Amino acid sequence: MNLIESYFNSKSKTHWRIWPNTNSSETFQDTFSWVLYMKEGVGYIYGIEDNEEACKKEIKEAIGTYLKGINLL
């Protein structure tokens, strides 16, 4: 398992959530929101994607960006 996957699966390093949008706006129908909290005190990142797999991909990319920023990748 690589470092990004390790962070993605670690409840002690990150917390993330994905949920379907229930907003009545046509812009957000059939989309999913996601949020990623980095437990090392750097705040959170969020977004909207078309499906759950795209959300997971974006979460992993955000983790990768964070790890590059602290010189772990």
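By convention here, the first residue in the shown sequence is residue 1. When reading the values below, keep in mind they use all heavy atoms of this one structure, side chains included, and skip hydrogens, waters and symmetry mates. Being a predicted model, the structure only gives us computed values, none of them experimental.
- T31 and D50 share no donor-acceptor pair across their side chains, judged by distance under 3.5 Å alone.
- Inter-residue side-chain proximity for I18 and I59 is flagged as met; some heavy-atom pair is nearer than 4.5 Å.
- Looking at W34 and E58, their side chains come closer than 4.5 Å, going by heavy atoms from C-beta outward.
- At a threshold of 4.5 Å between side-chain heavy atoms, the hydrophobic network of Ile, Leu, Val, Met, Phe, Trp and Tyr places V35 and I63 in two separate groups.
- Side-chain atoms of S6 never come within 3.5 Å of backbone atoms of N2 as a donor-acceptor pair (strictly under, hydrogens ignored).
- In the hydrophobic clustering of this structure, F32 does not group with Y46; members are Ile, Leu, Val, Met, Phe, Trp, Tyr whose side-chain heavy atoms approach within less than 4.5 Å, directly or through other members.
- E49 has its side chain out of reach of K56: every pair of non-hydrogen atoms, C-beta onward, lies at least 4.5 Å apart.
- Note on ring orientation: taking the six-membered ring where Trp is involved, the planes of Y37 and Y44 are tilted (angle from 30° to 60°).
- Applying the side-chain hydrogen bond (donor to acceptor under 3.5 Å, both in side chains) test to E40 and every residue at least two apart in sequence or in another chain returns Y7, Y66.
- One distance of note links CG of L67 with CG of L73; it measures 4.5 Å at 0.5 Å rounding.
- Heavy atoms only, all atoms of each residue included: G64 and I4 are closest at CA-CD1, 3.7 Å.
- Within the 4.5 Å cutoff, the side chain of K13 has no heavy atoms near those of the M38 side chain.
- At most 12 non-hydrogen atoms from other residues, nucleotides or ligands lie less than 6.0 angstrom from NZ of K57.
- Tracing side-chain contacts under 4.5 Å through hydrophobic residues (I, L, V, M, F, W, Y), one never reaches L36 starting from W19; they form parts of separate clusters.
- Clustering ILVMFWY residues whenever any of their side-chain heavy atoms sit less than 4.5 angstrom apart, transitively, puts L3 in the very cluster that holds W16.
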